[in-house]
Number of protein chains: 2
Amino acid sequence: MSLPHAILTSLLEKPCTGAELARRFDKSLGYFWPATHQQIYRELGKLEEAGLIAARGLATARGSQRHFDVQAAGRAELERWSLAAADPRPVRDALLVRLRAAAVLGTVDLGGEIRRHRQLHAQTLERYRAIEERDFPPGSALDTASGLRRAVLLAGIAFEESWLAWCAETLATG
Amino acid sequence: MSLPHAILTSLLEKPCTGAELARRFDKSLGYFWPATHQQIYRELGKLEEAGLIAARGLATARGSQRHFDVQAAGRAELERWSLAAADPRPVRDALLVRLRAAAVLGTVDLGGEIRRHRQLHAQTLERYRAIEERDFPPGSALDTASGLRRAVLLAGIAFEESWLAWCAETLATG
DNA sequence: ATATCCATGTAACGTGTTACATGATTGT
DNA sequence: ACAATCATGTAACACGTTACATGGATAT
């Protein structure tokens with residue numbers, strides 16, 4: 001149940017339309033909880049029906065923009081959810097399954113794929129580092145909110161570094 | 001499309017029944033691609049219908065055991081899939097969404113949850129390390145298959161260590 | 001025999017993905 | 001006016017989760 005709450009979070013940061021939300025997901029919250037515009041419209045519909053968000057102005061024809069605001073009930077729900085205990089979910093990574101498959105098949109070499117993944121993870125790491133330098137330059141003072149946003153980014157950086165190290169180690173050993 | 005291939009991999013390691021597969025997923029491949037017994041039975045049905053696996057003996061009454069073997073077509077499909085290029089999927093972690101929510105709400109302290117997650121990740125890391133010591137003791141010679149299985153385990157260890165470091169850092173800074 | 005557990009399933013629903021459709025807006 | 005693009009959706013399906021049901025095996 002994270003997507004509706006990710007949407008509430010993003011709308012609380014700044015009310016906007018569905019398409020604008022989808023764009024924001026492509027380069028911010030979506031790094032840690034990706035969503036397509038179809039998912040977003042579906043959830044916006046449910047959130048509106050539940051009274052957690054509301055569209056500004058009246059419902060107009062299909063295709064015209066609809067601006068959404070978070071209602072008090074939506075904010076309360078987001079508080080409730082973010083405080084509720086929830087365990088981490090296991091990783092679920094296809095490349096690791098493929099390595100196990102290669103181990104049992106014995107006829108498959110995944111070196112190329114590992115190199116390709118290393119490349120992709122390096123690119124993602126670069127993107128995260130650029131965001132860090134732009135939004136949290138060294139020496140800048142951080143309030144609580146910025147500190148939390150930075151912590152999220154640092155988690156992403158740590159994962160990508162972890163992947164990179166693993167790719168290098170695996171290529172060197174195997 | 002990883003679950004059917006994870007099942008093929010596991011059945012290729014050792015043919016067995018659905019329940020045995022579910023048990024194996026709980027403590028091996030399932031660390032990296034979890035699945036419930038309902039998912040597994042559903043996929044077994046599809047794989048059987050597609051002719052990629054076959055049940056030993058005749059179909060008997062409901063409730064009786066059914067032993068599955070991988071067919072040649074199943075092995076071919078697993079080779080094809082494991083060699084096909086597939087990009088890594090983004091992380092999708094609820095705790096990071098909750099941190100962003102806490103940043104915008106300003107009234108939520110997630111310190112307790114982060115400590116709890118640190119605890120859980122520490123336990124998982126312990127479990128992985130125990131498996132490493134049991135299956136790949138220092139000094140043991142590794143053939144290609146063992147090397148690949150060990151690489152998968154090392155990925156899990158690296159992620160858990162990464163999480164642990166992040167939790168510690170976040171608790172110290174925030 | 002009957003209570004208990006185990007293996008195999010069904011049902012319902014929520015979430016994620018892909019392909020496509022329709023009305024509005026913009027540029028020329 | 002027309003084409004291209006954008007915003008908003010619909011439809012269909014695959015995957016994941018939870019709750020429950022039924023037949024077989026086991027123990028007392």
Side-chain angles (χ1 to χ4, degrees), chain A residues 1-8 11 15-26 29-50 52-53 55-68 77 81 86-94 97, chain B residues 1-8 11 15-26 29-50 53 55-68 81 86-94 97:
Chain A
M1 287 288 290
S2 288
L3 180 55
H5 300 94
I7 290 175
L8 286 173
L11 281 180
C16 65
T17 68
E20 169 62 23
L21 259 184
R23 258 180 261 116
R24 227 185 283 168
F25 264 76
D26 275 344
L29 245 180
Y31 290 143
F32 311 105
W33 204 277
T36 62
H37 82 271
Q38 290 84 347
Q39 278 179 280
I40 288 171
Y41 283 121
R42 181 163 60 190
E43 289 302 331
L44 282 173
K46 289 186 193 174
L47 288 167
E48 187 181 15
E49 191 171 4
L52 303 186
I53 63 175
R56 265 179 220 164
L58 301 142
T60 57
R62 175 185 182 137
S64 57
Q65 289 193 352
R66 305 189 27 170
H67 241 261
F68 289 99
E77 167 57 22
W81 174 79
D87 290 353
R89 292 201 304 184
V91 283
R92 218 182 276 269
D93 188 279
V97 177
Chain B
M1 289 289 293
S2 289
L3 180 54
H5 301 93
I7 290 175
L8 286 174
L11 281 181
C16 64
T17 67
E20 170 61 23
L21 259 184
R23 258 179 261 115
R24 228 185 284 168
F25 263 75
D26 275 345
L29 245 181
Y31 289 144
F32 311 105
W33 204 278
T36 62
H37 82 271
Q38 290 84 349
Q39 278 179 280
I40 289 171
Y41 283 120
R42 181 162 61 189
E43 290 301 331
L44 283 174
K46 289 185 194 173
L47 288 168
E48 187 181 17
E49 191 171 3
I53 63 175
R56 264 179 222 166
L58 301 142
T60 57
R62 176 186 181 133
S64 56
Q65 289 194 353
R66 304 187 16 146
H67 240 261
F68 288 99
W81 174 80
D87 290 353
R89 292 200 307 184
V91 282
R92 219 184 274 272
D93 186 280
V97 176

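In what follows, chains carry the letters A, B, and so on, assigned in the order in which the sequence lines appear, proteins first and then strands, with residues in each chain numbered from 1.
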Item to check | Test item: A:L44 and A:L21 side chains (from C-beta on) under 4.5 Å apart, heavy atoms | outcome: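 Heavy-atom side-chain distance check passes, below 4.5 Å.
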Starting at [atom1] of [X] and ending at [atom2] of [N], how long is that distance when rounded to a whole Å?
X	N	atom1	atom2	answer
B:R56	C:dA7	CZ	C1'	17 Å
A:Q65	D:dG9	CD	C1'	14 Å
B:R24	C:dA7	CZ	P	13 Å
B:E48	C:dT8	CD	P	12 Å
A:D87	D:dT17	CG	P	13 Å
B:H67	D:dG24	NE2	C1'	16 Å

Item to check | side chain to side chain donor-acceptor pair (under 3.5 Å) involving B:R89 - partner list, sequence neighbours excluded | outcome: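 Partners of B:R89 by the side chain to side chain donor-acceptor pair (under 3.5 Å) criterion come out as none, since no residue qualifies.
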Checklist entry - Can a side chain N or O of B:Y41 be found less than 4.0 Å away from OP1 or OP2 on C:dT8? => result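 True: B:Y41 side-chain N/O within range (under 4.0 Å) of C:dT8 OP1/OP2.
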Nearest-nucleotide pick for [X], side chain only, options being [options]:
X	options	answer
A:Q38	C:dT10, D:dA7, D:dG9	D:dG9
B:H37	C:dT8, D:dG9, D:dT17	C:dT8
A:R23	D:dA7, C:dT8, C:dT18	D:dA7

Item to check | ring-ring contact (aromatic ring centres under 6.0 Å, His included) partners for A:F25, two or more places apart | outcome: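 Checked A:F25 against ring-ring contact (aromatic ring centres under 6.0 Å, His included); zero matches.
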Which residues share a salt bridge (Lys or Arg N to Asp or Glu O under 4.0 Å) with [X], sequence neighbours left out:
X	result
B:D26	none
B:R42	none
B:R24	B:E20

Using a cut-off of under 3.5 Å, enumerate the N/O to N/O pairs linking the protein to nucleotides 13-16 of chain C.
from, atom 1, to, atom 2, distance (Å)
C:dG16, OP1, B:R92, NH1, 3.2
C:dG16, OP2, A:Q39, NE2, 2.8
C:dG16, O5', A:Q39, NE2, 3.3
C:dG16, N7, A:R42, NH2, 2.5
C:dG16, O6, A:R42, NH1, 3.3

